[in-house]
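Read through the structure below, which is laid out as structure tokens, and then see the notes.
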Amino acid sequence: MEIKGQPAIVTGGASGLGAATARALAAAGARVAIIDVNEKAAAEVADSIKGVAVACDVADSASGEAAVKKAAAAHGPARILINCAGVGPAKRIVGREGPMPLADYERVIRINLIGTFNMMRLVAAAMQATAPLPDGERGVIVSTASVAAFEGQIGQAAYASSKGGIAALVLHCIHNGYLNGEVIRLDGALRMAPR
């Protein structure tokens, strides 16, 4: 798909990989909506790339629906979705204070896994309603993970399991119509040490 002029959504776009991806998409000519729970940081990134900031809890159905609608109102229905939203607090399953609170695990799963699925289903439904582009595509969805999906670390049980369930490579994924349904490990040969 040609990126220039296409409406794009980047979840978790207010910082880190999400912000870098949003900047790369904007530099390639996409009209980018930054979706993030941190509205102030999202606005700063959006202002720097002439995009739009949308406050959203990706794991909440109504919040996700409202965010997708707001992004579409600004740029048109998204043809590109990049899922970067995620959290990874370090806690052992059993630590000195006892077992990890289940609520901490649930929060990571809600944001990293359920949030990714929520945004995929909402944006895919909007893509399905758009007319095909000249090459027959309606859109591209890229969901990012972490090497933690393959190699967890002590204190990262929630993060590793959420990523197992799920920046220039994103641009290639969008351009290459033959790249579908793949897991691509882009890690610079990094292998996670136990600690």
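Basis for what follows: all heavy atoms, side chains included, without hydrogens, waters or symmetry-related copies. Numbers here simply count residues along the sequence, with the first being 1.
Here the closest heavy-atom approach between residue P77 and residue P7 is recorded as O-CG, 3.3 Å. Between S143 and T116 the shortest heavy-atom distance is OG-CG2, 3.5 Å. Listed here is the closest heavy atom pair of C84 and T144: CA-OG1, 3.5 Å. The nearest pair of heavy atoms linking A22 to I49 is O-CD1, 3.9 Å. A pairwise comparison of heavy atoms in V87 and V108 identifies O-CG1, 3.8 Å as the closest pair. For the pair L122 and S61, the tightest heavy-atom approach, listed with the atom from each and the gap, is CD1-O, 4.3 Å.
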Apply side chain to side chain contact (heavy atoms under 4.5 Å, CB included) to N38 and S15, showing your working. CA-CA 9 Å; N38 185 335; S15 63; over 6 Å; no

Could you walk me through whether L25 and I174 pass the side chain to side chain contact (heavy atoms under 4.5 Å, CB included) test, one step at a time? CA-CA 10 Å; L25 287 169; I174 295 167; 3.6 Å; yes

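Atom-to-atom distance recorded for D60:CG and I114:CD1 is 11.5 Å, nearest 0.5 angstrom. Taken to the nearest 0.5 Å, the CD1 atom of I3 stands 4.5 Å off from the CG atom of L171. The CG atom of D57 sits 6.0 Å away from the CZ atom of R110 when rounded to the nearest 0.5 Å. Atom-to-atom distance recorded for I141:CD1 and M127:CE is 4.5 Å, nearest 0.5 angstrom. Taken to the nearest 0.5 Å, the CE atom of M100 stands 12.5 Å off from the CZ atom of R92. Taken from CE in M119 to CD in E65, the straight-line distance is 10.0 Å, to the nearest 0.5 Å.
Judged purely by atom type and a 3.5 angstrom limit, E137 uses its side chain to pair as donor or acceptor with the backbone of M1. Looking only at distances, no side-chain donor or acceptor of N118 sits under 3.5 Å from a matching main-chain atom of A59.
Counting heavy atoms from C-beta outward, T11 and L81 have side chains that approach closer than 4.5 Å. Annotation: side chain of R79 is in contact with side chain of L133 (closest heavy-atom distance under 4.5 Å).
Under the 4.5 Å side-chain heavy-atom criterion for Ile, Leu, Val, Met, Phe, Trp and Tyr, V45 and V37 are members of distinct hydrophobic clusters.
Among pairs with a residue in residues 29-56, those fulfilling salt bridge (charged side-chain N to carboxylate O under 4.0 Å, His left out) read K40-E44, at least two apart in sequence or across chains.
If you run side-chain contact (heavy atoms from CB on, under 4.5 Å) between I109 and each of I111, L113, N112, only L113 comes through.
Within a 6.0 Å radius of CZ in R138, other residues, nucleotides and ligands contribute more than 12 heavy atoms.
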